[in-house]
Amino acid sequence: MTGAVGYTLPNHRESEVKPHRLFVALAIFGIASLSHAAVSPVLVIHGGAGVIRRDMTPAREKVVRAAMTLALKNGYAQLKAGKPAPDVVAAAITVLEDDENFNAGKGSVFTHDGKNELDAAIMDGNTLSAGAVAGVRRIKNPIQLARAVMEKTPYVMLSGDGAETFAQSIGMPLVNPSYFRTEERWQQLQKALKEDAAKQPHADVETAKHFGTVGAVALDVQGHLAAGTSTGGMNDKRWGRVGDSPIIGAGTYANSGCAVSATGWGEFYIRTVAAHEICMKVTQMRVPLKRAAAEVINQEIPSMGGNGGAIALDADGQISIPFNTDGMYRGWIGADGVPHVALYGDEDDGTAELPAPADSAE
Ligand code: ASP
């Protein structure tokens with residue numbers, strides 16, 4: 001970026017400037033200008049995958065769409081204003097964490113013991129720095145704490161009480177755990193507990209129906225990518241279970257060419273290191289983003305018995321939103337500045353019409 005800034009022609013008399021030198025100088029200048037040209041920013045978000053059907057009440061559908069639209073519009077305005085991708089990812093996720101319709105922050109599901117244990121992670125694709133928190137019970141916006149872990153500690157992941165002590169040490173207020181109690185999630189736990197009594201383990205997976213985790217990936221005007229994910233995890237989870245969302249590489253990953261946030265049955269995303277797998281296909285194997293994401297989400301994970309979806313974005317602004325469930329809360333905003341939000345599996349989310357990159361093999 002900086003190499004050719006202020007490049008001046010060598011100090012020769014005009015007659016001494018050889019044509020090929022002039023050509024080289026102009027080429028360097030051209031590359032320098034290109035590298036300084038602002039990239040067209042993109043923001044993609046999700047609010048979870050699962051059994052999402054048209055039997056949702058119109059009121060609920062309206063608030064879900066409104067929250068996602070707000071997150072997209074605010075985030076895009078920040079990107080246009082030159083904010084870096086990690087800031088925008090954290091801001092978009094914060095909007096969704098504050099809305100009880102998503103299984104993250106306020107609307108988090110309950111553990112088997114009737115508690116809420118929240119996980120979140122963020123990764124800066126430009127620096128490969130990352131931060132995560134797992135099993136926190138008193139943090140209103142876990143994504144903000146994950147970001148603080150990334151920026152203010154030498155660690156990547158903090159968990160439980162220690163993470164909350166760190167939050168206090170940087171002046172982040174703790175909330176009463178009752179903040180996370182919503183009637184709907186409580187009833188979901190009661191249903192799962194009844195199923196537990198009748199059937200035994202993993203009834204939680206069927207009861208989860210809609211997983212509801214939230215996530216965001218962004219490409220900023222500098223051409224840098226970031227990814228973040230936040231979740232209450234799985235309904236009725238036990239024994240301090242931690243899913244894929246806060247595990248860098250599993251549910252969340254970003255590098256210089258690719259950013260992914262996943263949602264679904266976490267154990268499968270951990271075992272396939274799903275987000276990293278998609279990005280390695282893109283950046284190391286040069287597989288086009290859509291194909292890379294589909295191979296992991298629509299082939300690898302279901303072949304092992306898992307399910308879910310992901311949002312993926314590459315450095316060219318290509319978007320991919322594969323899922324193998326009924327539906328997925330998903331949205332994106334790009335060059336036209338129009339937020340696109342879709343919930344159902346058969347609903348057009350506008351990504352199919354996006355132009356493929358010139359060298360795409362798809
Ligand atoms: N992946 C999350 C977990 O397993 C759940 C979700 O995506 O909704 O904790």
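Both ligands and their constituent atoms are indexed starting at 1 by order of listing. The structure presented is a predicted model; accordingly, all values stated were derived computationally and were not measured.
Relative to atom 2 (C) of ligand 1, the option among Gly233, Gly264, Gly243 with the closest non-hydrogen atom is Gly264. The option from Arg241, His46, Lys237 that lies nearest to atom 9 (O) of ligand 1, judged by heavy atoms, is Arg241. Closest to atom 3 (C) of ligand 1 by heavy atom, among Thr231, Asp244, Ile247, is Asp244.
Counting atoms of ligand 1 from 1 in the listed order, those under 4.0 Å from a heavy atom of Gly212 are 8 (O).
Ligand 1 has an N or O atom lying under 3.5 Å from an N or O atom of Thr263, backbone or side chain. The N/O atoms of Thr213, backbone and side chain alike, include one that comes under 3.5 Å of an N/O atom in ligand 1.
The side-chain hydrogen bond (donor to acceptor under 3.5 Å, both in side chains) test applied to Ser178 returns Asn176, not counting sequence neighbours.
Residues Ile333 and Val341 share a single hydrophobic cluster, defined by chaining ILVMFWY side chains whose heavy atoms lie under 4.5 Å apart.
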Please lay out, stage by stage, how Phe268 and Glu300 fare under the test side-chain contact (heavy atoms from CB on, under 4.5 Å).
-> CA-CA 9 Å; Phe268 291 88; Glu300 217 175 311; over 6 Å; no
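Counting heavy atoms under 4.0 Å from ligand 1, residue Ser245 touches it through the side chain alone.
Ring geometry for Phe102 versus Tyr329: interplanar angle over 60°, hence perpendicular rather than tilted (30 to 60°).
At distances below 3.5 Å, at least one donor-acceptor pair connects side-chain atoms of Tyr76 with backbone N or O atoms of Gly334. The backbone N or O of Ser245 sits less than 3.5 Å from a side-chain atom of Thr252, completing a donor-acceptor pair.
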